[in-house]
Amino acid sequence: MDIPWWRDAVVYEIYVRSFADASGDGVGDLAGVREHLPYLRRLGVDAIWLTPFYPSPMADGGYDVADYRDVDPLFGSLTDFDALVADAHELGLRVLVDIVPNHSSSEHPWFQAALRGEGRDRYIFRDTINNWQSTFSGPAWTQVADGQYYLHLFAPEQPDFNWRNPEVHQEFLDILRFWLDRGVDGFRIDVAMGLYKAEGLPDVGDQSFKAVSPVWGQPEVHNVYRDWRRLLDGYPGERMAVGEVWTDSPEDLALYVRPDELQQSFNFAWLQAPWSPTAFKKVIDDTLGTVPFATWVLSNHDVVRHRTRYETADPGTGLARARAALLTMLALPGSAYLYQGEELGLPEVTDLPAEARQDPVFFQSEGKLPGRDGCRVPIPWTVDTPSYGFSPGGVEPWLPQPATFAELSVEKQEGDADSTLEFYRRALACHRDLVREIPYTLEWQASPEGALFFTRGPVICAINCGTHPVRLPEHDTVLLASGPLKGSLLPPDTAVWLSS
Ligand code: GLC
């Protein structure tokens with residue numbers, strides 16, 4: 001069987017607002033991404049995923065789409081998009097775009113018409129409401145002038161579509177065609193377990209993301225992905241889709257990646273697991289035991305950066321663990337999704353002042369939840385203030401960067417063999433050379449307490465999550481380590497690839 005490109009791909013998430021600003025307005029844009037494609041090629045990723053760049057009032061950073069077939073002037077134009085795709089393909093990088101089918105912006109012409117009383121059935125309007133809460137805090141219903149309420153599982157500016165209306169279905173097939181015809185290699189599907197809500201909209205006890213509940217994961221959603229899959233398969237070049245599916249159950253996750261549905265679904269289990277060999281082993285076994293093609297994710301634009309999640313009272317632990325986790329994930333069968341800035345070891349920025357914050361989560365929770373701005377702070381490219389090379393000229397970026405970003409900048413790390421950036425480059429190169437050539441299986445080996453050892457063909461991977469050094473497994477050569485080894489010992493918070 002031919003191995004599809006995405007099976008072992010490393011995909012790099014670009015949160016467009018925060019990657020690189022070419023226009024000089026303090027906000028990242030498509031031209032900024034285009035300028036930095038050679039950096040991504042050199043880093044060694046196979047594909048990029050662009051977060052939404054469509055016209056939007058930016059109530060949720062662009063996940064509130066007002067026009068699904070254009071580019072917001074803040075990010076450039078369709079011409080910039082076409083140039084970006086052409087350059088990426090020239091460099092051998094695939095391009096995924098984000099598609100947001102659960103809800104639109106309240107500025108979308110359909111919702112504006114609905115407010116005027118036309119085509120309300122494209123959204124979910126009711127005279128009386130249930131007890132559903134918005135994922136961002138507060139009620140999931142907002143009343144309009146004539147007394148009806150509409151459903152929004154996120155911000156009030158993000159009304160949920162009514163997928164029981166065939167017009168919505170047709171519209172999205174057409175939107176997918178629009179981007180496929182422009183040459184995209186696939187889609188990241190936002191809130192993929194949303195879309196359909198249980199008939200009758202019954203009250204719920206537990207509102208959390210669950211793969212199957214009256215709010216999420218209704219069985220009808222799978223027919224949407226079957227149609228989308230047929231559409232993707234009708235195009236040449238192995239076009240694909242990866243779904244954002246939050247669930248505690250690997251079996252429910254597997255429903256989205258049945259052979260006639262999506263090719264991949266994000267696997268958030270590792271991201272939610274503590275630093276523990278038993279937790280990691282369970283995640284790996286559950287994943288490989290249930291889904292045909294695995295994905296691995298440590299961070300994204302919605303969660304606290306993993307360097308910070310792994311931090312302890314001992315300074316340096318978070319970064320050491322982040323590097324060890326990356327090396328271990330890259331050794332597993334499947335594809336890895338990296339989030340911009342993790343290759344620099346960026347931490348979460350936890351001390352953003354309230355007046356700088358932008359995330360609706362912060363506002364809807366009345367400041368009780370910090371929101372997601374801390375992982376969205378613009379990337380430091382150089383050591384120079386005010387924006388560390390993010391924006392040209394003296395412009396301040398849309399979120400303030402901490403002074404520690406100078407030391408973490410690309411300029412500072414480039415060429416320093418011990419830096420996280422150079423470590424990522426070596427790890428991705430090694431991954432490219434070795435891992436794809438070996439069978440899509442993993443064998444556990446006996447491991448000392450606190451550690452996990454496994455082999456994939458001739459490659460042995462060992463990670464030490466414990467508090468004491470452990471003896472390295474028998475091997476020929478050390479291929480790559482996430483931190484310094486002590487002779488034949490693997491120190492705590494370190495991973496290694498060995499060849500046998
Ligand atoms: C997804 C996105 C998140 C957004 C939400 C609503 O979870 O990743 O950033 O706020 O959907 O669109």
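All figures in this text were calculated on a predicted structure; none of them were measured in a lab. Counting starts at 1 for both ligands and their atoms, following the listed order. The first residue in the sequence is number 1, and the count goes up from there.
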Show which atoms of ligand 1 fall inside a sub-4.0 Å distance from at least one heavy-atom site of [X].
X: Glu244; result: 1 (C), 7 (O), 8 (O)
X: His301; result: 2 (C), 3 (C), 8 (O), 9 (O)
X: Asp60; result: 4 (C), 5 (C), 6 (C), 10 (O), 12 (O)
X: Arg188; result: 2 (C), 8 (O)
X: Arg372; result: 3 (C), 4 (C), 9 (O), 10 (O)
X: His103; result: 6 (C), 12 (O)

* Is it true that His152 lies under 4.0 Å from ligand 1, counting heavy atoms only? -> no

* Would you please determine whether Phe136 falls within less than 4.0 Å of ligand 1 on a heavy-atom basis? => yes

Can a salt bridge be assigned to the pair [X] and [Y] using a cut-off of 4.0 Å between side-chain N and carboxylate O?
X: Glu13; Y: Arg188; value: no
X: Asp174; Y: Arg177; value: yes
X: Arg372; Y: Asp60; value: yes

* Asked: Given side chains that start at C-beta, do those of Arg305 and Tyr339 come closer than 4.5 Å, heavy atoms only?
  -> yes

* Any Phe111 side-chain heavy atom under 4.5 Å of Arg122 side chain -> no

Answer side chain, backbone, both or neither: which part of [X] comes under 4.0 Å from ligand 1, heavy atoms only.
X: Arg376; value: side chain
X: Glu13; value: neither
X: Tyr15; value: neither

* Flag this pair as yes if the NZ/CZ of Arg17 is under 6.0 angstrom from the six-membered ring centre of Trp398 and inside a 45 degree cone about the axis; otherwise no. => yes

* Is the NZ or CZ atom of Arg357 positioned over Phe362's six-membered ring, under 6.0 angstrom from the centre and within 45° of the axis? -> yes

* Structure fact -> From the list Phe81, Phe187, Tyr235, ring-ring contact (aromatic ring centres under 6.0 Å, His included) partner of Trp179 resolves to Phe81

* Asked: For ligand 1, is there an N or O atom under 3.5 Å from any N or O atom of Asp190?
  -> yes

